[in-house]
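What follows is a set of notes on a single structure, which appears directly below.
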Amino acid sequence: MLCLSLTGSNCEISLSQYEKHKEVIQLVELRIDYLDSIHVDEINNLLKSISLPVIATYRRKRDGGLYEGPEKARLQVLKDMLDLDFTYVDIEDDIKRLDLEDKARGRSIKIIRSLHDMEKVPKDLFLRIMKLHKKGDIAKIAVMPRSLEDVMMIFKVNKELKDIPDKVIIGMGEFGIPTRILYKKTGSLFTFCSPEGEEAASGHLTPEIMHDLYHADRVNENTKVFGIIGNPVMHTSSPKIHNPAFYQLGLNSVYVPFLVDDVRAFFQLADLLSIQGFSVTVPFKQQVLPYLGKISREVKLIGSCNTVFQSNRVWKGVNTDFYGFLKPIQEELDSQRIRTALVLGAGGAARSIVWALRNYYCRVVIVNRTAEKAKNLAGMTGSSWRPVEELGSIHDIDIVVQTTSGGMSPYEDVDPSLGYEFTGKEIAYDLVYKPKNTRFLTRAEKAGCRQICGMDMLIAQGVLQFESFTGFLYPQKKES
Ligand code: NAP
């Protein structure tokens with residue numbers, strides 16, 4: 001069940017949150033600690049307007065909630081709530097109040113026994129869940145993973161306790177997001193989400209993202225897991241490329257972002273979750289290489305890999321950036337209208353781009369903020385390089401490719417091409433895809449250049465990834 005936490009400061013706002021999202025959720029949690037003042041009649045009316053089961057939760061600050069008052073008053077409110085038509089009540093594990101439990105059971109309100117650790121994943125996670133479970137209630141544990149090893153521990157414990165149906169195990173924060181999306185895969189009863197901009201707990205996604213993008217409620221034991229690894233990773237648009245295509249083709253697969261701090265740990269997690277394939281973004285495109293059993297010709301050439309998938313039981317690495325970059329300019333390359341290129345940047349992406357251009361016999365000049373890296377890449381690829389200060393003296397260029405992170409949020413003010421004089425005849429190709437109108441492209445547009453935004457390449461490389469992952473052609477958009 002996808003559970004929406006209602007975080008309104010009054011019942012009216014909470015009701016509007018429910019109304020807005022009710023089509024995509026199956027359960028609601030009323031966060032009483034978010035209400036400015038508690039009026040039993042209003043809460044009663046709210047419950048009458050909600051046609052889904054509702055959890056009563058009155059969360060203390062130390063457990064990630066807003067309540068800071070005396071404990072006695074909090075428990076009295078919770079007890080009063082048991083006169084109303086809640087389906088569940090959340091009682092923290094340390095609360096020893098038989099009267100509260102007896103009242104809930106007497107009214108057939110199911111108890112969720114919850115335990116929160118806002119700092120870490122406790123080492124005895126397994127025992128703690130078993131202890132909660134033995135009380136005969138729904139065991140809920142929300143912990144804070146600080147590394148991918150911690151995330152692995154959550155998945156492991158979840159897997160070991162697969163036969164206990166009445167449990168919820170959640171990893172909070174950015175590391176924990178896969179545990180929220182894949183809750184059904186490992187047997188958690190429900191997962192939580194919040195209205196946009198109203199995150200009730202760190203790592204909550206919106207109901208629409210959980211339902212429309214990840215189809216989290218359709219995931220089951222047999223769902224094939226794909227994903228993207230990076231650090232940072234949550235800004236990625238790749239789930240929007242892969243998940244709708246899985247859905248359109250009726251494939252029982254999901255594509256999930258994994259925040260990674262250690263590539264080795266990720267390969268272990270990939271074994272645990274039987275991950276079938278994944279995209280690789282900054283800073284891991286080179287770090288994955290030692291873990292691959294097979295690599296394609298272009299990975300060997302470039303020394304960087306953005307796509308990894310299972311092939312005959314070994315991990316195979318390919319580089320779809322290489323081909324994805326070429327797609328929007330294929331015609332110009334084939335007809336040799338592009339013969340000279342200026343490449344701005346000398347990082348991981350630049351390596352693919354320079355090799356792709358060199359493969360078409362283009363003459364390439366590389367300019368990078370750190371001149372040494374430009375020099376090295378030029379040496380490796382048979383290109384030339386120039387220091388940034390000499391941008392103004394570079395002429396006769398058919399295409400300028402901007403491969404740096406300059407221009408990408410939060411560096412929107414940066415234009416790494418400053419100093420270069422556009423003639424209007426060049427193609428201006430920016431790898432940055434967020435925002436679409438970078439300073440680099442705006443300046444090129446003013447000069448009359450044809451512009452290509454990074455989104456075109458992102459989609460092209462994603463389509464190729466999809467085909468490597470699934471063996472299916474990427475589906476055409478349905479006609480509306
Ligand atoms: P990377 O390996 O970290 O390299 C970053 C490059 O950007 C380096 O050359 C670095 O110069 C330069 N740079 C960073 N900040 C700069 C600034 N403020 N001013 C000037 N230069 C700056 O990263 P990457 O993998 O090459 O990725 C670079 C960009 O390409 C990212 O924005 C990424 O999202 C984008 N990308 C897009 C696609 C797509 O499909 N559209 C695919 C791959 C990558 P120094 O050497 O001096 O540090």
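Start at 1 with the first residue, then count along the sequence. Just so you know, ligand 1 is whichever comes first in the structure, and atom 1 is the first atom listed for that ligand. The shown structure was predicted, so the numbers you read here are calculated from the model rather than taken from an experiment.
- Nearest to atom 14 (C) of ligand 1 among the protein's heavy atoms is R369 NH2, 3.7 Å.
- Considering backbone and side-chain N/O atoms, S405 comes within less than 3.5 Å of an N/O atom of ligand 1.
- Given atom 2 (O) of ligand 1, the protein heavy atom at minimum distance is G348 N, 2.8 Å.
- No side-chain N or O of S335 forms a donor-acceptor pair with one of E332 less than 3.5 Å apart.
- Ligand 1 has no nitrogen or oxygen under 3.5 angstrom from a nitrogen or oxygen of A350.
- Closest protein heavy atom to atom 11 (O) of ligand 1: N368 OD1, 3.2 Å.
- Among T403, L431, D413, the residue whose heavy atom sits closest to atom 29 (C) of ligand 1 is T403.
- With a 4.0 Å heavy-atom cut-off, ligand 1 is reached by the backbone of A346 but not by any atom from C-beta on.
- For the pair C193 and L2, the minimum side-chain heavy-atom distance is below 4.5 Å.
- Considering I452, D456, V280, V282 only, the shortest heavy-atom separation from atom 3 (O) of ligand 1 involves V282.
- In this structure, W315 has its ring center under 6.0 Å from that of F278.
- By the 4.5 Å heavy-atom criterion applied to side chains, N359 and F322 are counted as neighbours.
- In this structure, F190 has its ring center closer than 6.0 angstrom to the ring center of F192.
- Of all protein heavy atoms, the one lying nearest to atom 24 (P) of ligand 1 is A349 N, 3.7 Å.
- Considering backbone and side-chain N/O atoms, V432 never comes within less than 3.5 Å of an N/O atom of ligand 1.
- Regarding atom 19 (N) of ligand 1, its nearest protein heavy-atom neighbour is V414 CG1, 3.7 Å.
- If you check which protein heavy atom lies closest to atom 12 (C) of ligand 1, you get T404 CB, 3.5 Å.
- Distance from atom 33 (C) of ligand 1 to its nearest protein heavy atom, with residue and atom name: M408 SD, 4.4 Å.
- Inspection of the S194 and E199 side chains reveals no N or O donor paired with an N or O acceptor under 3.5 Å.
- Of all protein heavy atoms, the one lying nearest to atom 47 (O) of ligand 1 is T370 OG1, 2.5 Å.
- Under a 4.0 angstrom heavy-atom cut-off, Y433 registers as being in contact with ligand 1.
- Aromatic ring centres of F266 and F258 lie closer together than 6.0 Å.
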